[in-house]
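I have placed the structure first, in the form of structure tokens, so that the comments after it can refer back to it.
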Amino acid sequence: MGVIIGPRVIDAGTSLLSVPISPVPVAAGFPSPAQDYFDGRIDLNEHLIKDITSTYVVRVSGDSMEGAGISDGDELIVNRALEPRDGSVVVAVLDGELTIKRLRLTASGVVLQADNPRYPDIRVPGLSDLIIWGVATRCLHHV
């Protein structure tokens with residue numbers, strides 16, 4: 001269904017993770033004679049998060065967004081300060097229910113669209129209570 005479980009705050013004073021970074025790209029095709037050591041570290045906050053004060057991590061439950069590369073158990077980095085646009089993957093609260101869907105702004109109204117053909121679009125009726133809680137910026141996908 002694509003709901004979220006327990007958004008958690010990324011504290012401004014806490015680094016997500018600082019990990020070693022390879023000094024050269026690693027080939028995904030044929031192997032190359034690359035250096036076999038790591039030089040320096042990379043702070044994932046700097047690469048994954050633009051606004052630490054408005055950013056949360058949410059865990060995905062369900063498979064309604066698989067077509068967007070978002071799987072059950074993945075974690076999304078969600079920025080609450082971003083302006084949602086047509087086509088944005090959003091965390092939405094529709095009539096008190098949390099869901100992750102693609103936002104579609106059409107001439108006939110707002111649609112919350114799953115990226116899995118097994119799930120129907122959710123056409124938001126005019127009298128519904130819809131809040132776009134945040135915009136997903138990254139998916140931390142398990143491999």
Side-chain angles (χ1 to χ4, degrees), residues 1-29 32 34-143:
M1 188 162 121
V3 299
I4 64 169
I5 299 174
R8 59 185 161 107
V9 178
I10 300 171
D11 294 324
T14 305
S15 176
L16 267 181
L17 192 55
S18 175
V19 295
I21 184 169
S22 171
V24 295
V26 177
S32 69
Q35 297 169 324
D36 61 353
Y37 66 91
F38 289 86
D39 184 32
R41 298 185 83 72
I42 184 172
D43 182 348
L44 293 178
N45 283 328
E46 292 177 16
H47 288 276
L48 300 177
I49 299 171
K50 292 191 191 295
D51 182 358
I52 195 90
T53 61
S54 301
T55 302
Y56 293 79
V57 174
V58 298
R59 182 165 292 132
V60 177
S61 173
D63 62 354
S64 73
M65 294 302 291
E66 282 187 344
I70 302 169
S71 300
D72 183 55
D74 287 353
E75 292 180 326
L76 295 180
I77 296 177
V78 178
N79 188 328
R80 295 198 67 196
L82 290 179
E83 181 77 25
R85 298 182 179 175
D86 182 56
S88 295
V89 173
V90 299
V91 176
V93 184
L94 178 60
D95 293 330
E97 301 277 333
L98 283 165
T99 189
I100 298 168
K101 296 288 183 276
R102 189 169 302 280
L103 179 67
R104 292 295 180 195
L105 305 173
T106 69
S108 60
V110 176
V111 177
L112 297 175
Q113 180 183 54
D115 276 345
N116 183 330
R118 294 188 345 218
Y119 295 87
D121 290 347
I122 301 170
R123 299 197 183 284
V124 181
L127 297 177
S128 294
D129 184 19
L130 175 66
I131 298 168
I132 302 301
W133 189 84
V135 176
T137 59
R138 302 279 185 179
C139 177
L140 306 177
H141 185 72
H142 297 271
V143 293

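As a basis for the values below, the full set of heavy atoms in this structure was taken, side chains included, without hydrogen atoms, waters or symmetry mates.
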Taking [X] for the side chain and [Y] for the main chain, is one N or O donor matched with an acceptor at less than 3.5 Å?
X      : Y      : value
Asp95  : Asp129 : yes
Asp121 : Arg123 : no
Asp72  : Gly62  : yes

For [X] against [Y], the heavy-atom pair lying closest together:
X      : Y      : result
Arg102 : Gly87  : NH1-O, 2.6 Å
Leu48  : Thr137 : O-OG1, 4.4 Å
Leu112 : Ala92  : CD1-CB, 4.1 Å
Tyr56  : Arg80  : CE1-CD, 3.6 Å
Glu75  : Arg59  : OE2-NH2, 2.6 Å
Ser64  : Lys101 : OG-NZ, 3.1 Å

Side chains of Leu105 and Val110: closer than 4.5 Å at any heavy-atom pair?
yes
Taken in chain and number order and not counting sequence neighbours, the residues that satisfy salt bridge (charged side-chain N to carboxylate O under 4.0 Å, His left out) with Asp86 are Arg104
Hits for salt bridge (charged side-chain N to carboxylate O under 4.0 Å, His left out) against Arg85, two or more places apart or cross-chain, chain-then-number order -> none
Rounded distance [0.5 Å steps], [atom1] in [X] versus [atom2] in [Y]:
X      : Y      : atom1 : atom2 : result
Asp63  : Arg118 : CG    : CZ    : 4.5 Å
Leu130 : Leu94  : CG    : CG    : 6.0 Å
Ile77  : Ile49  : CD1   : CD1   : 5.0 Å

Those residues at least two apart in sequence (or on a different chain) that pass side chain to side chain contact (heavy atoms under 4.5 Å, CB included) with Pro84 are Val90, Leu103, Ile132, Val135
Checking Ile70, Leu140, Val91 against Val60 for side-chain contact (heavy atoms from CB on, under 4.5 Å), the one that qualifies is Ile70
